[in-house]
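Sharing a structure, written as structure tokens. Questions coming.
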Amino acid sequence: MAMSTALWSFALVVGLLTLTPGLDTALILRTSALGRRRRAWGVVLGIQTGTLLWGALTSLGVTALLTASHLAYTALRWVGAAYLVWMGVRMLRDTFQKLRAPDTNESGLLAGTDSASDGWRQGTLTNLLNPKMGAFYVAVLPQFIPVGANHFTMGLLLTTVHILIGLIWSAVLIGFAQVLHGWLRKPRARRLLDRITGTVIAAFGIRLALGD
């Protein structure tokens, strides 16, 4: 496989994966729609930081050890599942607390300033605590490395393609979410968004725990 063919083929695979609605999409849309633009970009950069680390570790062969070790994979899966369920349940809990208390513009997960660093930590944690990302890279990345190519260099190049596609799609999501910002000034609309997002995140956590 020629390098150009490998890059375009990998771009197609990860492009379809990126466009598929999932946890990352829910986090970015929700954060941006609530007017937290800097935090939303922090989440995006955190997610891409996690992608870069998974790609680098896979290229070094480290994540192959993780997938080969059932105990390590299971431990990371349960930690990641617990984190996602906690995040989702907290979002849902906050929406019901608002029914009994004066409404605020954001739940506890987004309280405080519009901080890119807070978003980056959330995005990075969410990505790195998902062992399926590591399993995906171990299974897919080697298939697109041409024979004779340097595994680490080519692996990072392929990962960079994934990151660029992710950044472009995230920019589209953030732009779209700004359209919803006016509607989300209504307390009922914010609660609805938080309940949908919280349910999606908790469901991902439960699915991860069950190993589906």
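Predicted model, so just to flag it, every value in this text is computed and none were measured. Atom set for the values below is all heavy atoms of this structure, side chains included, hydrogens, waters and symmetry mates excluded.
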| query | How long is the span from the CD atom in Gln122 to the CG atom in Leu27, to the nearest 0.5 Å? | reply | 5.5 Å
| query | If you round to the nearest 0.5 Å, how far is CG of Leu158 from CD of Gln143? | reply | 11.5 Å
| field | Cluster overlap Met133 with Leu17, hydrophobic side-chain contacts below 4.5 Å | value | yes
| Just one of Val43, Val44, Asp24 clears the side chain to side chain contact (heavy atoms under 4.5 Å, CB included) bar with Ser170, so which one? | Val44
| said: side-chain contact (heavy atoms from CB on, under 4.5 Å) for Met3 and Leu157? Distances and angles first, verdict last. | reply: CA-CA 10 Å; Met3 181 176 293; Leu157 185 58; 4.2 Å; yes
| task | Following the transitive rule for hydrophobic clusters with a side-chain heavy-atom cut-off under 4.5 Å over Ile, Leu, Val, Met, Phe, Trp and Tyr, establish whether Trp41 and Val172 coincide in one cluster. | result | yes
| note | Between the CH2 atom in Trp169 and the CD1 atom in Ile174, the distance rounded to the nearest 0.5 Å is 12.0 Å
| said: Once you measure the plane-to-plane angle for His162 and Phe10, does it fall in the parallel (<30°), tilted (30-60°) or perpendicular (>60°) bin? | reply: perpendicular
| query | Does Thr124 reach the main-chain N or O of Gly46 with its side chain, forming a donor-acceptor pair under 3.5 Å? | reply | yes
| said: Is there a continuous path of hydrophobic side-chain contacts, each under 4.5 Å between heavy atoms, that joins Ile168 to Leu173? | reply: no
| Residue pair Thr49, Asn127: steps toward the side-chain contact (heavy atoms from CB on, under 4.5 Å) verdict | CA-CA 8 Å; Thr49 298; Asn127 190 287; over 6 Å; no
| Once you round to the nearest 0.5 Å, how far does OG1 of Thr25 lie from CG of Leu29? | 6.5 Å
| remark: Correct closest heavy-atom pair for Phe144 and Ser9 would be CE2-CB, 3.5 Å
| Do Leu19 and Phe176 share a hydrophobic cluster, counting only Ile, Leu, Val, Met, Phe, Trp and Tyr and linking them when any side-chain heavy atoms are less than 4.5 Å apart? | yes
| request: Grab the two heavy atoms, one from Leu52 and one from Thr159, that are nearest each other, plus how far apart they are. | output: CA-CG2, 3.8 Å
| query | Atom OG in Ser59, atom CE in Met154: separation rounded to 0.5 Å? | reply | 10.0 Å
| If every non-hydrogen atom of Gly15 is compared with every non-hydrogen atom of Ile165, which pair is closest and at what distance? | CA-CG2, 4.0 Å
| Going through the checks in order, is the side-chain contact (heavy atoms from CB on, under 4.5 Å) test met by Ile47 and Ile28? | CA-CA 10 Å; Ile47 290 169; Ile28 294 167; 4.1 Å; yes
| query | Counting N and O atoms only, with roles assigned by atom type, does the side chain of Thr58 sit under 3.5 Å from a partner on the main chain of Trp54, one being a donor and the other an acceptor? | reply | yes
| said: According to a hydrophobic-cluster definition based on side-chain heavy atoms being under 4.5 Å apart (Ile, Leu, Val, Met, Phe, Trp, Tyr only), do Val140 and Leu12 belong together? | reply: no
| said: Is the shortest side-chain heavy-atom distance between Leu45 and Leu167 below 4.5 Å? | reply: yes
| From CZ (Arg39) to OG1 (Thr31), nearest 0.5 Å | 6.5 Å
| field | 4.5 Å side-chain heavy-atom contact, His151 and Leu60 | value | no
| What heavy-atom pair brings Ala11 and Val161 nearest, and what distance separates the two atoms? | CB-CG1, 3.7 Å
| So, do Leu141 and Phe136 sit near enough that their side-chain heavy atoms are less than 4.5 Å apart? | no
